[in-house]
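Notes for the one structure printed next.
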Amino acid sequence: MWSEPGAFEVAPGVHRIPLPLPNDGLRAVNVYAVEDGDGLVMIDSGWALDEAKDQLEAALGTLGKGFEDIRRFLVTHVHRDHFTMAVSLRRLFGSRIGLGLGEQPSLRHMLHGQDDQHVSDLRKWGAAELAETWVKIMHHVDRGEALRDYEEPDEWLVRSTVGLEHRELEVVPTPGHTRGHVVFVDHAAKVLFSGDHVLPHITPSIGFEPLRPELPLGDYMTSLRLTRELPDLRLLPAHGPVTDSSHARVDELLRFHEQRLEEIGKAVAGSAFETARKIGWTRRQRRFDDLDMFNQVLAVGETAAHLDVLVERGELTRTENAGVLEYTA
């Protein structure tokens, strides 16, 4: 099982370390310890939870390393299961953090306590009742506590090459899952640290972030095509097992979204909310009404992302009626 704890060498000097995600269907997040001289560079960091911290410390110990040996965190995106452990450990050990420049608006939006765009998005997608449920649940969340593990990084990453002591990593921006997502390519080792951009068994959520871009699915599919232009590399994902061909999985993801676009185009029923209720969700084709609140929010957002691409392609029209976006063939 890929989520079992430990440190597993997946390329010379590169070790995959799964860290737990309690109460999360993803089960674990892979972080990668890259040997850098007598220290380490980490690709992603995990969620700042005590259980995850202990598991990371134990895994590093099997490599003869500790937290003090981590010189730098290179983080694929700002979601808490990738970013917040880096912030926690930086406070204690002074390691540096690099994050994609495209995450800057969303991170600053969160840190400065600005309005929750999820609520206004849900309302314009025709899911007013779901928006009110979201508000009620989030009202009980201590916003200050929720943000305590977030800080700005030491450096904002753009497309470039990061030089380590014995290797180079190419930084490639891949907006879609989030607007500032990046992947890292080690051309010499022929591996792709893909974060949540390319996952072996599931498709990542699209556009669930504080400041949603205008066309997140369009961005994601463009980023997939960009990844396809890279050499065929060993895929080192954030969730799931290592696989041998990045190209094969990118092709599957592009086909999936084209099929999903066709399905949603046929099911279009006014708002994104009403359309989402007409189609199946997850590989098990679950009914929308059987999803929990959080996954219903994701489902409506995913549907809206596909509908907007169909509008962009000229296959649907979009009008606004009393603040709700309505889509028609």
Side-chain angles (χ1 to χ4, degrees), residues 21-26 47-49 77-84 103 105-150 176-181 196 202-217 219-220 260 264 267-282 284 286-308 318 320-327:
L21 299 177
N23 303 317
D24 193 305
L26 293 173
W47 188 346
L49 301 167
H77 62 295
V78 78
H79 285 166
R80 61 189 178 182
D81 56 326
H82 298 256
F83 184 65
T84 58
E103 299 290 47
S106 289
L107 183 56
R108 291 182 174 174
H109 184 91
M110 287 192 297
L111 291 175
H112 297 295
Q114 296 176 24
D115 292 340
D116 188 345
Q117 187 186 344
H118 299 310
V119 175
S120 56
D121 283 343
L122 287 167
R123 288 172 177 157
K124 76 179 181 182
W125 294 332
E129 290 186 11
L130 188 56
E132 294 309 310
T133 302
W134 177 268
V135 169
K136 289 176 183 177
I137 290 175
M138 297 308 292
H139 176 73
H140 295 289
V141 175
D142 185 328
R143 184 173 176 84
E145 183 177 349
L147 293 177
R148 68 184 178 185
D149 291 325
Y150 282 92
H177 177 59
T178 66
R179 62 197 299 159
H181 195 291
D196 282 2
I202 60 174
T203 58
S205 63
I206 303 298
F208 184 76
E209 52 191 320
L211 289 178
R212 182 182 173 104
E214 183 176 349
L215 206 65
L217 179 63
D219 295 341
Y220 180 62
R260 196 66 162 164
I264 288 175
V268 65
S271 70
F273 174 69
E274 290 300 332
T275 304
R277 298 186 69 193
K278 291 183 63 178
I279 57 181
W281 293 96
T282 78
R284 299 177 183 177
R286 296 177 63 192
R287 294 172 61 249
F288 178 88
D289 291 344
D290 293 335
L291 301 176
D292 61 40
M293 184 277 298
F294 181 74
N295 281 295
Q296 286 186 351
V297 171
L298 289 179
V300 176
E302 296 268 340
T303 304
H306 285 77
L307 290 167
D308 288 337
R318 180 180 58 218
E320 184 175 334
N321 181 15
V324 175
L325 299 178
E326 296 186 348
Y327 299 82

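Here, residue 1 is the first one in the sequence, and each next residue gets the next number.
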Output yes when Asp219 and Arg179 qualify as a salt bridge under the 4.0 Å nitrogen-oxygen rule, no when they do not. no
Within the structure provided, determine whether Thr275 and Tyr327 are in side-chain contact (heavy-atom separation under 4.5 Å). no
Assess the residue pair Val300 and Asp121 against the criterion (side-chain contact (heavy atoms from CB on, under 4.5 Å)); give the C-alpha distance rounded to whole Å, side-chain angles, the decisive distance to 0.1 Å, and a yes or no. CA-CA 10 Å; Val300 176; Asp121 283 343; over 6 Å; no
Donor-acceptor check, side chain of Arg286 to backbone of Asp290, threshold 3.5 angstrom: yes or no? yes
What do the steps show when you test Phe83 against Asp149 for side-chain contact (heavy atoms from CB on, under 4.5 Å), and what is the final call? CA-CA 9 Å; Phe83 184 65; Asp149 291 325; over 6 Å; no
May I ask you to decide if the ring planes of His181 and His77 are parallel, tilted or perpendicular, using 30° and 60° as cut-offs? parallel
Atom CD of residue position Glu214 - does it have more than 12 heavy atoms of other residues, nucleotides or ligands inside 6.0 Å? no
Could you walk me through whether Tyr150 and Arg80 pass the side-chain contact (heavy atoms from CB on, under 4.5 Å) check? CA-CA 8 Å; Tyr150 282 92; Arg80 61 189 178 182; 3.2 Å; yes
Only pairs under 3.5 Å count here: list side-chain donor-acceptor contacts from residues 124-132, not counting sequence neighbours, and write none if there are none.
residue, atom, partner, partner atom, Å
Glu132, OE2, Arg123, NH2, 2.7

Of all the heavy-atom pairs spanning Ile202 and Leu26, show the shortest one and how long it is. CD1-CD2, 3.4 Å
If you look at every heavy atom in Glu209 and His118, which pair is closest and at what distance? O-CE1, 3.4 Å
Could you work out, with salt bridge (Lys or Arg N to Asp or Glu O under 4.0 Å) as the rule, every residue matching Arg260, not counting sequence neighbours? Glu263
Report the C-alpha distance between Arg318 and Leu307 in whole Å, list the side-chain angles of each, state the deciding distance to 0.1 Å, and finish with yes or no for side-chain contact (heavy atoms from CB on, under 4.5 Å). CA-CA 9 Å; Arg318 180 180 58 218; Leu307 290 167; over 6 Å; no
